[in-house]
2 protein chains.
Amino acid sequence: MDVTATHSEAACRGVSEILSRVGDKWTIQVVVALRSGSRRFNGLKREVNGISQQMLTRTLKTLERDGMVERAVRDTTPPQVEYTLTPLGHSLSDTARQLAQWATQHRDRIAENRERYDSRRMAEDEG
Amino acid sequence: MDVTATHSEAACRGVSEILSRVGDKWTIQVVVALRSGSRRFNGLKREVNGISQQMLTRTLKTLERDGMVERAVRDTTPPQVEYTLTPLGHSLSDTARQLAQWATQHRDRIAENRERYDSRRMAEDEG
DNA sequence: CAGTATCCGAGAGGATACTG
DNA sequence: CAGTATCCTCTCGGATACTG
């Protein structure tokens with residue numbers, strides 16, 4: 001297999017697609033909340049801080065469609081719906097952890113860079 | 001340090017922030033284009049297929065602000081501006097490669113899942 | 001060449017009200 | 001409880017015209 005595959009345009013767009021899929025505001029947080037086991041709808045809503053009903057519904061539906069999450073309905077009253085991470089979902093969460101490490105490692109550095117950049121811009125605008 | 005740090009709410013939001021920062025349509029493609037060396041504005045524009053002037057400008061400015069890219073102006077006529085990946089930018093591109101691998105490995109699987117889900121939904125809508 | 005300025009449409013995401 | 005439906009706003013991103 002060609003080692004340059006990950007440099008090709010197609011591969012690159014593939015990553016971009018995955019990233020924009022996974023890089024929305026809630027997907028990763030929901031996946032992470034599901035790592036330790038199944039959750040029900042309102043349980044997730046409580047655990048993922050700040051998410052609206054609407055966005056939780058959308059996020060779960062997309063995750064289900066992609067095969068990252070399994071939805072199991074227990075037909076009781078009131079109805080109980082359990083969401084569980086599939087193996088594919090777990091593998092995503094592992095990869096996300098890699099990114100989490102990068103993020104936490106460089107977060108401060110990036111924040112510094114931004115401050116420096118912004119204050120420099122401020123100075124230029126005034127000068 | 002607590003090993004569960006990557007599970008904490010704060011860490012999780014950190015990842016989300018990085019992901020949404022990096023998960024836009026162009027950032028990764030620009031970074032990848034810069035991996036092999038410095039480029040000039042229109043060179044990048046040619047290399048990153050489909051990007052508009054506006055978005056290239058915005059993307060580069062944000063990358064510069066975050067300290068991922070360095071901007072060097074050669075004051076000639078016409079002016080030449082060279083963009084170069086910083087060490088931080090390189091480390092990002094390495095992490096992106098991890099994700100690229102995950103993406104290429106599971107892309108087909110995800111596509112299958114989507115088709116299955118959609119056809120099932122179609123069937124339900126008709127039934 | 002390397003941008004800036006402006007306008008526009010599409011979609012993300014929030015708030016709220018309603019339903020089986 | 002677990003959603004759906006609706007409305008509204010704001011940002012992303014494309015197109016185009018203009019500038020030093």
Side-chain angles (χ1 to χ4, degrees), chain A residues 12-13 15-31 33-34 38-66 69-84 117 121 124-125, chain B residues 12-13 15-31 33-34 38-66 69-84 117 121 124-125:
Chain A
C12 188
R13 267 198 284 263
V15 193
S16 292
E17 194 202 319
I18 295 288
L19 271 170
S20 61
R21 177 55 203 79
V22 144
D24 70 4
K25 199 173 175 184
W26 299 113
T27 297
I28 289 293
Q29 298 193 53
V30 170
V31 167
L34 285 169
S38 306
R39 297 288 138 79
R40 294 184 22 213
F41 188 88
N42 281 322
L44 278 172
K45 184 151 162 36
R46 272 187 296 275
E47 201 156 335
V48 179
N49 216 298
I51 195 169
S52 67
Q53 248 178 11
Q54 160 105 283
M55 285 315 295
L56 182 54
T57 303
R58 282 192 206 170
T59 304
L60 285 170
K61 204 162 274 178
T62 317
L63 282 170
E64 191 197 353
R65 184 170 107 104
D66 287 354
V69 155
E70 232 182 41
R71 182 175 178 276
V73 189
R74 241 174 272 289
D75 205 355
T76 56
T77 37
Q80 295 186 357
V81 183
E82 282 217 338
Y83 292 93
T84 313
Y117 182 92
R121 296 278 304 181
E124 283 171 16
D125 286 354
Chain B
C12 188
R13 267 199 283 263
V15 193
S16 293
E17 194 202 320
I18 296 287
L19 272 170
S20 61
R21 179 53 204 78
V22 144
D24 69 4
K25 199 175 176 184
W26 300 114
T27 298
I28 289 294
Q29 297 194 52
V30 170
V31 168
L34 284 169
S38 306
R39 297 288 138 80
R40 296 188 16 216
F41 189 87
N42 281 322
L44 278 172
K45 184 150 163 34
R46 273 187 295 275
E47 200 156 337
V48 178
N49 216 297
I51 195 169
S52 67
Q53 247 179 13
Q54 161 107 280
M55 286 314 296
L56 182 54
T57 302
R58 281 193 206 169
T59 304
L60 285 169
K61 205 163 273 177
T62 318
L63 282 170
E64 190 197 353
R65 184 170 107 104
D66 288 354
V69 155
E70 232 183 41
R71 182 174 178 276
V73 189
R74 239 175 274 287
D75 206 354
T76 56
T77 38
Q80 296 186 357
V81 183
E82 282 219 338
Y83 292 94
T84 313
Y117 182 91
R121 294 277 306 181
E124 283 171 15
D125 286 353

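Letters go in sequence order (proteins before strands), and every chain restarts at 1.
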Phosphate OP1/OP2 of D:dC1: any A:Lys45 side-chain N/O under 4.0 Å: no

Heavy-atom pair of closest approach, residues B:Lys45 and B:Ile51: NZ-O, 3.3 Å

Touch class at under 4.0 angstrom, heavy-atom based, for A:Arg71 against every strand present: sugar-phosphate

Along DNA chain C (nearest heavy atom to each residue), the more 5'-positioned of A:Ile51 and B:Arg40: B:Arg40

CG-CD distance between B:Leu34 and B:Glu82, expressed to the nearest 0.5 angstrom: 10.5 Å

C:dT4 OP1/OP2 closer than 4.0 Å to side-chain N/O of B:Lys61: yes

Watson-Crick or G-U counterpart of C:dC7, or none if no pair lies under 3.5 Å: D:dG14

Nearest-0.5 Å distance that lies between atom OH in A:Tyr83 and atom CG in A:Leu60: 5.0 Å

Residue whose closest nucleotide on DNA chain D lies nearer the 5' end, B:Gly50 versus A:Pro78: A:Pro78

Between P of C:dG14 and CG of A:Asn49, the distance in whole Å: 12 Å

Integer-rounded Å distance: C:dG3 C1' and B:Leu60 CG: 11 Å

Spacing of CH2 belonging to A:Trp26 relative to OG1 belonging to A:Thr59, to within rounding of 0.5 Å: 8.5 Å

Nearest-Å distance for atom pair CD/P, residues B:Gln53 and C:dT6: 16 Å

Minimum heavy-atom distance B:Asp66-B:Arg21, with the two atoms named: OD2-NE, 2.7 Å

Candidates C:dC1, C:dG20, C:dG14 - which lies nearest the side chain of A:Trp26: C:dG14

Sugar-phosphate only, base, or nothing, as touched by B:Arg58 at under 4.0 Å among non-hydrogen atoms: base

Interatomic distance where NZ belongs to A:Lys25 and C1' belongs to D:dC10 [whole Å]: 11 Å

Given C:dG3, D:dC1, D:dG3, the nucleotide with the shortest approach to the side chain of B:Val81: C:dG3

Side-chain-base donor-acceptor pair under 3.5 Å for A:Gln54 and D:dT6: yes

Between C1' of C:dG13 and CD of B:Glu17, the distance in whole Å: 17 Å

Nucleotide of C:dG14, D:dG13, D:dA2 approaching B:Asp24 most closely (side-chain heavy atoms): D:dG13

Whole-Å gap separating P (C:dG3) and CE (B:Met55): 15 Å

Watson-Crick or G-U wobble mate for C:dC1, both contacts under 3.5 Å: D:dG20

Rounded interatomic separation in angstrom, taking CZ from B:Arg21 and C1' from D:dC12: 13 Å

Distance test, side-chain N/O of A:Tyr83 to OP1/OP2 of D:dG3, below 4.0 Å: yes

Whole-Å distance separating the CZ atom of B:Arg39 from the P atom of C:dC1: 16 Å

A:Arg71 side-chain N/O to A:Glu64 backbone N/O, donor-acceptor pair under 3.5 Å: no

